[in-house]
Amino acid sequence: MSIDTPRGEIPAGAPAWSRQRRSQMPSHRYLDVHSRVEVPLTERDWPAARLTKAPLWVPVDLRDGNQALAEPMDPARKRRFFELLVAMGYKEIEVGYPSASQTDFDFVRLIADTGLAPADVTVVVFTAARRDLIERTVASVRGIANPVVIHMYAATAPTWREVVLGASRRELGELILAGGRDVLELAGDMPNVRFEFSPEVFNLTEPGYALDVCDAMTELWRATPARPVILNLPATVEVATPNVYADQIEYMHKNLARRDSVILSVHPHNDRGTGVACAELAILAGAERVEGCVFGNGERTGNVDIATLALNLHAQGIDPMIDFSDIDEIRRVVEYCTRMPVHERHPYVGDLVHTAFSGTHQDAIRKGLAEHRRRAADTATPERELAWRVPYLPIDPADLGRAYDAVIRVNSQSGKGGVAYLLESEYGIELPRRLQIDFSRHVQRHTDTTGGEITAAELWELFDRTYLAPGDSPVTLKSWESTPESTIITLAVGDEAVTRAYPGAGPVDALTRVLAEVGHPVEILSLTQQSLGPGNGGDAITFLEHRGGWSAGRSGSVLEASLTAVLNAAARRSAAP
């Protein structure tokens, strides 16, 4: 083992109950934040403040989050993500860095040329403080009818000035003002355009210098209450506890010139894992606007997680002003667009966040749900309107589009892992996480009925009966033929043969379309394919999640397995009561 167990002395003055020893970690290499930046606030109001309303949320997934992807979004994914953000209710969206790539520039032009953004949505574009980049940025937004924000940034912290930019405080100030003048010259006459400035690495910048630079920008850009300037103060690299960031924000809030003409914004990152806390305390300290990503994507450990922030407010009785009523659909879109899975323990959205494997937790949840239903009946109040007080569940899962039976199902069984292990070890089948949960409900029902242990062979028989052979299908696939130009499908529906050709469609897409035409629609939510290997016949198996449940298909080819899974889904839906 390569672990270097701490072997230093026990610190002098340590209590008798603590036997921790000094480690060999080279912590002496790092300065604490108070040695790196002054925090001049001596009297603070934020500890006594309370959260009472949502800030203006500004998702930056299409710029900052997109830059953090190993494979940046293609135009179709970027558009799908934008449409999701609009549907959720975001009214200010950072759509890209148009001078950084042709893809970003083209996406901004798509908004200009197609009216993709509703009239009440503000479009934000991002640029460095350099004239050629500013020119390209302004060109990208010309013709957009929506309100537009041009967001200019420059790094201001000492290490960045000295190591990256090679500029003194005075030289950097001149560079920033020059960029600001370019923005004003090129876009100042556009009545729908406002300006935003970010002193990047604000949290490691001398407070007096950050204040001077920000005041110079609001003066240059002639900030007024009617045309306010956004000052965005990023914790670009987290280096301190959240209370320090709150002090820094309150210092700016109290000392900025033209405060009534400034929208004070924050952009916390998550290097210390405290991005959410930093944002919440920053709001208490005077911030009115929060930039982040829907589920916290971003460089390194990510940007602040807007979903967690918004649902934290919801859990305190405050309207988040954003819709999360179908959290699983939001997750599916985000996972598709970013090609990144959302962690199972991710707050609010993860597959396991409503799961309690402990028997005592399960018992408390069951009793809490039963009490909730009784109280609703006794007071003649709809369950969705009744005050929530179920143990271990901070919010009603139904608020996020998750049903009570799903919560009970997931939490009433603790053998899901064992079920998955037996199927994998004996039959080579690796069930997707959500299918494990669904199948465990059937296993639980079986064991409740038989009262005995279920073997691997019995598990496989139950899986086959439930997903691979779910009953007589209302339709039969007679034949199919696919070419690069089209797919031809022939179904037997009763005694009638139905043949359809679908130009440009693949076999699975064509089959779902013809099933919908004959009255047996199957809406596919996810599709997972697996090869079972030589030890299990060399077959392929497809697991298909559809609106209403799961099905599976097995065949010698991946494509045939997928088509079978679709037909089995139709059979399950037709057999459902």
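By convention here, the first residue in the shown sequence is residue 1. Computed from a prediction, not measured in an experiment: that's the story for all the values here.
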- Message: Can you list everything that forms a salt bridge (Lys or Arg N to Asp or Glu O under 4.0 Å) with Asp326? Sequence neighbours excluded, please.
- Response: none
- Task: Could you tell me whether the side chain of Val334 reaches within less than 4.5 Å of the side chain of Asn297, counting heavy atoms only?
- Result: no
- Message: Check this for me, if you would: do Glu196 and Arg194 make a salt bridge, where the nitrogen-to-carboxylate-oxygen distance has to be below 4.0 angstrom?
- Response: no
- Query: Is any side-chain heavy atom of Asp182 less than 4.5 Å from a side-chain heavy atom of Met152?
  - Reply: no
- Query: Can you name the closest pair of heavy atoms from Asp189 and Pro191 and give their distance?
  - Reply: O-CD, 3.3 Å
- Okay, side chain of Tyr251, backbone of Pro207: is any donor-acceptor separation there less than 3.5 Å? no
- Message: Ring of Phe107, cation from Arg79 - is the NZ or CZ under 6.0 Å from the centre and inside 45° of the axis?
- Response: no
- Spacing of OH belonging to Tyr336 relative to CG belonging to Leu84, to within rounding of 0.5 Å: 12.5 Å
- Determine whether the side chains of Trp46 and Asp247 contain a donor N or O and an acceptor N or O closer than 3.5 Å. yes
- Task: Find the distance between CG (Leu233) and CD (Gln248) and round it off to the nearest 0.5 Å.
- Result: 9.5 Å
- Item | Exceeds 12 heavy-atom contacts within 6.0 angstrom, atom NZ of Lys53 | no
- Item | Nearest atoms (heavy-atom pairs only) where Thr156 meets Leu172 | CA-CD2, 3.7 Å
- Message: To the nearest 0.5 Å, what is the distance between CG on Asp271 and SG on Cys278?
- Response: 10.0 Å
- Between Arg131 and Glu185, does at least one N-O distance fall below 4.0 Å, as a salt bridge requires? yes
- Is NZ or CZ of Arg136 both nearer than 6.0 Å to the six-membered ring centre of Phe105 and within 45° of the ring axis? yes
- Could you tell me whether a side-chain N or O of Glu238 sits under 3.5 Å from a main-chain N or O of Pro268, the two making a donor and an acceptor? no
- Has Gln20 got more than 12 heavy atoms of other residues, nucleotides or ligands less than 6.0 Å from its CD? no
- Measure the shortest side-chain to side-chain distance between Glu280 and Asn312 over non-hydrogen atoms and say whether it is less than 4.5 angstrom. yes
- With the threshold set at 4.0 Å, does a side-chain nitrogen-carboxylate oxygen contact exist between Arg259 and Glu288? yes
- Message: Other residues, nucleotides and ligands only: do more than 12 of their heavy atoms fall within 6.0 Å of CD on Glu344?
- Response: yes
- Item | Side chains of Val33 and Asn203 in contact at under 4.5 Å (non-hydrogen atoms) | no
- Item | Heavy-atom pair with the smallest gap, counting every atom of Pro6 and Arg21 | CB-O, 3.7 Å
- Task: Please step through salt bridge (charged side-chain N to carboxylate O under 4.0 Å, His left out) for the pair Lys367 and Glu371, ending with a clear verdict.
- Result: CA-CA 6 Å; Lys367 290 176 179 175; Glu371 188 274 342; over 6 Å; no
- Query: With the threshold set at 4.0 Å, does a side-chain nitrogen-carboxylate oxygen contact exist between Arg332 and Glu335?
  - Reply: no
- How about Phe202 and Met252: do any of their side-chain heavy atoms sit closer than 4.5 Å? yes
- Could you check Val121, Val294, Val95 and say which one makes a side-chain contact (heavy atoms from CB on, under 4.5 Å) with Leu85? Val294
- Flag, side chain of Arg375 to backbone of Glu383, donor-acceptor distance under 3.5 Å: no
- Query: Is the backbone N or O of Ile10 less than 3.5 Å from a side-chain atom of Arg19, with the two atoms forming a donor-acceptor pair by type?
  - Reply: no
- NZ/NE/NH1/NH2 to OD/OE distance under 4.0 Å, Asp106 and Arg109: no
- Message: Do Val353 and Arg402 make a side-chain contact, defined as non-hydrogen atoms from C-beta onward lying under 4.5 Å apart?
- Response: yes
- Residue pair Arg142 / Val138, side-chain heavy-atom distance below 4.5 Å: yes
- Task: Please confirm whether the backbone N or O of Ile144 pairs with a side-chain atom of Asn192, one donor and one acceptor, at under 3.5 Å?
- Result: yes
- Item | Point-to-point distance, once rounded to the nearest 0.5 Å, from CZ of Arg258 to CH2 of Trp221 | 12.5 Å
- Message: Under 4.0 Å between a side-chain nitrogen and a carboxylate oxygen: does that hold for Asp104 and Lys78?
- Response: yes
- Query: Got a sec, which residues hit ring-ring contact (aromatic ring centres under 6.0 Å, His included) with Tyr153, two or more places apart in sequence or on another chain?
  - Reply: Phe126
- Is it true that a side-chain atom of Trp57 and a backbone atom of Pro320 form a donor plus acceptor pair closer than 3.5 Å? yes
- Query: Of all heavy-atom pairs between Pro118 and Val86, which one has the smallest distance, and what is that distance?
  - Reply: CG-CG1, 3.6 Å
- Message: Show the nearest heavy-atom pair for residues Ala315 and Tyr348, with the distance to one decimal.
- Response: CB-OH, 4.1 Å
- Query: Can a donor-acceptor pair be found between the side chains of Ser265 and Asn232 at a distance below 3.5 Å?
  - Reply: yes
- Task: Measure the spacing between CG of Asn303 and OG1 of Thr236 and express it to the nearest 0.5 Å.
- Result: 9.5 Å
- Within 45° cone and under 6.0 Å: Arg36 NZ/CZ vs Tyr30 ring: no
- Message: Has Asn146 got a side-chain atom pairing as donor or acceptor with Thr122's backbone, closer than 3.5 angstrom?
- Response: no
- Message: Test your reading of the model: is there a side-chain donor-acceptor pair from Gln24 to the backbone of Arg7, 3.5 Å cut-off?
- Response: yes
- Query: Do Asp396 and His372 have a side chain donor and acceptor closer than 3.5 Å?
  - Reply: no
- Message: My understanding is that only one of Glu200, Glu206, Glu171 makes a salt bridge (Lys or Arg N to Asp or Glu O under 4.0 Å) with Arg161; could you say which?
- Response: Glu206
- Query: Is a salt bridge present between Asp45 and Lys254, judged by a nitrogen-to-oxygen distance below 4.0 Å?
  - Reply: yes
- Task: Mind running side chain to side chain contact (heavy atoms under 4.5 Å, CB included) on Glu291 and Val124 for me, showing each step along the way?
- Result: CA-CA 11 Å; Glu291 296 184 353; Val124 184; 5.7 Å; no
- Message: Any carboxylate oxygen within less than 4.0 angstrom of a Lys/Arg side-chain nitrogen, looking at Glu250 and Arg44?
- Response: no
- Message: Nearest 0.5 angstrom please: His269 NE2 to Thr301 OG1, how far?
- Response: 8.5 Å
- Using a 4.5 Å cut-off on heavy atoms from C-beta on, say whether the side chain of Pro59 contacts that of Ile306. yes
- Message: On a heavy-atom basis, which atom in Trp388 and which in Pro397 lie closest, and how many Å separate them?
- Response: CZ2-CD, 3.9 Å
- Query: So, does Thr274 use its side chain to make a donor-acceptor pair with the main chain of Arg272 at under 3.5 Å?
  - Reply: no
